[in-house]
Amino acid sequence: MARLRPGLAAGFVVVALLLTGCADALPLAPPTRTTPPPHTVTGVPSVPDIKAGSAATVTLRGFSAYERASLRIRNISCQGVAVGSGFAVAPRVIVTNRHVVEGATALQIQTYDGQDRKVDTAGAATFADLAIVRLADDLPATLPLATSNPKPGDAITVVGYPGGGKLTTSKGKVLRYGADIVGQSDEPMIINDAPIEHGSSGSPLVDSAGQVVGVAYAGKPEGPYWAVPVQLLRQIIDKPSEVGDIPPCE
């Protein structure tokens, strides 16, 4: 468990539509997958550069690369304990949502096979519901980022840990683009129909080539669901100045 120093950036109100879930303080059990890998995915980079790799099939006891790159996150703050999801884009770099890490005095990160990872730093984007977490040790797998946003009608797969529980894979498609449902960004967001639940905040949206095209962050109980497009994610990765301190616990 790593201690995080609260930043000076102002926080925002977390509305009921955000997909962070609450949990008690009991240790996390090793995750299990609820559905089989639906398709072949591209390979993952072996260096911190975020680039698409060559084709690779499902590996390590049937877990695909995007499942192995998915992470379960627990936020311990003055408000209690909440859970979310995330994914690795480099051996020691995780992407998740701003609201997943906001107010954290400590973050716990766990891999698909139940291994804990020590957090070095965490920062929040200034223009969208995104956050970057850096770790002390390498992760078992990473995911490449797509070079462009998905189009309406494109198939997507979402991988995360709803409720802080089992590793869950769901399928859907991009419906359209629309306004940010929580009002953090002026940029159009992905609206899709891949079923997700509370605790799925920070899950990657993966296209048919196995590349990340978005980051889940909000939804309505019966859908649809909202995600930050990959081009906005690339902005905070390419420009570290766009990442500031996490909002303090209030």
_Could you walk me through whether T121 and V133 satisfy the side-chain contact (heavy atoms from CB on, under 4.5 Å) test, starting with their C-alpha distance in whole Å, then the side-chain angles of each, then the deciding distance to 0.1 Å, before giving a yes or no?_
CA-CA 6 Å; T121 63; V133 179; over 6 Å; no
| message | With side-chain contact (heavy atoms from CB on, under 4.5 Å) as the criterion, how do V89 and L143 come out once you've worked through the C-alpha distance, each side chain's angles and the decisive distance to 0.1 Å? | response | CA-CA 5 Å; V89 294; L143 285 174; 5.6 Å; no
Pair E102-I246, side-chain contact (heavy atoms from CB on, under 4.5 Å): steps then yes or no: CA-CA 5 Å; E102 69 170 352; I246 62 173; 5.6 Å; no
If you apply the rule side-chain contact (heavy atoms from CB on, under 4.5 Å), what do you find for I94 with F87, and how did you get there? CA-CA 5 Å; I94 294 172; F87 59 97; over 6 Å; no
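For the pair D180 and M189, the minimum side-chain heavy-atom distance is below 4.5 Å. For the pair T111/R117, a side-chain contact is recorded, criterion being any heavy-atom separation below 4.5 Å from C-beta on. In this structure, V212 and L205 have side chains that are not in contact, with every pair of non-hydrogen atoms separated by 4.5 Å or more. Residues V228 and I190 form no side-chain contact, since every pair of their non-hydrogen atoms from C-beta on lies 4.5 Å or further apart. Counting heavy atoms from C-beta outward, Q231 and S148 have side chains that approach closer than 4.5 Å. Side-chain contact check for V158 versus V206: every heavy-atom pair is 4.5 Å or farther apart. Residues Y112 and Y66 have side chains not in contact (no heavy-atom distance under 4.5 Å, counting atoms from C-beta outward). In this structure, the side chains of V213 and N149 stay at 4.5 Å or more apart for every pair of heavy atoms.
For the atom pair Q184 CD and T126 OG1, the distance stands at 10.0 Å (nearest 0.5 Å). Interatomic distance, Y225 OH to D193 CG, rounded to the nearest 0.5 Å: 8.5 Å. Rounding to the nearest 0.5 angstrom, the gap separating the CG atom in L130 from the CD atom in E242 is 11.0 Å.
The nearest pair of heavy atoms linking N192 to A194 is OD1-N, 3.1 Å. Considering every non-hydrogen atom in both L175 and P224, the closest pair reads CD1-CB, 4.0 Å. Across all their heavy atoms, S200 and A216 have their closest contact at O-CB, 4.1 Å. Listed here is the closest heavy atom pair of V83 and G164: CG2-N, 3.5 Å. When every heavy atom of I73 is checked against every heavy atom of S85, the shortest pair comes out as CD1-O, 3.5 Å. Minimum heavy-atom separation, Q211 to L145: CB-C, 4.3 Å.
A distance-only check finds a donor-acceptor pair linking the side chain of N97 to the backbone of G202 [under 3.5 Å]. When atom types are taken as modelled, the side chain of N75 and the backbone of V100 share a donor-acceptor pair closer than 3.5 angstrom. With hydrogens and angles ignored, the 3.5 Å screen pairs no side-chain donor or acceptor of S70 with any backbone N or O of G160. Between the side chain of D116 and the backbone N or O of Q110, no donor-acceptor pair lies under 3.5 Å. Although no hydrogens or angles enter the test, the distance criterion places a donor-acceptor pair under 3.5 Å between the side chain of R72 and the main chain of G165. A donor-acceptor distance shorter than 3.5 angstrom exists from the side chain of S203 to the backbone of V159, with no hydrogens or angles considered. Using modelled atom types, no side-chain atom of W226 and backbone atom of V182 make a donor-acceptor pair closer than 3.5 Å. For S185 (side chain) and F127 (main-chain N/O), a donor-acceptor pair under 3.5 Å exists by modelled atom type. Distance alone, capped at 3.5 Å, is enough to place a donor-acceptor pair between the R98 side chain and the A125 backbone. In this structure, the side chain of T168 engages the main chain of K166 through a donor-acceptor pair within 3.5 Å.
The salt bridge (Lys or Arg N to Asp or Glu O under 4.0 Å) contacts involving residues 144-161 comprise nothing, where partners must be two or more places apart or lie in separate chains.
With 3.5 Å as the limit, one finds a donor-acceptor pair spanning the side chains of E67 and S64.
Atom CG of D186 sits in a sparse spot, with 12 or fewer heavy atoms from other residues, nucleotides or ligands closer than 6.0 Å.
D137 meets the salt bridge (charged side-chain N to carboxylate O under 4.0 Å, His left out) test with no other residue; sequence neighbours excluded.
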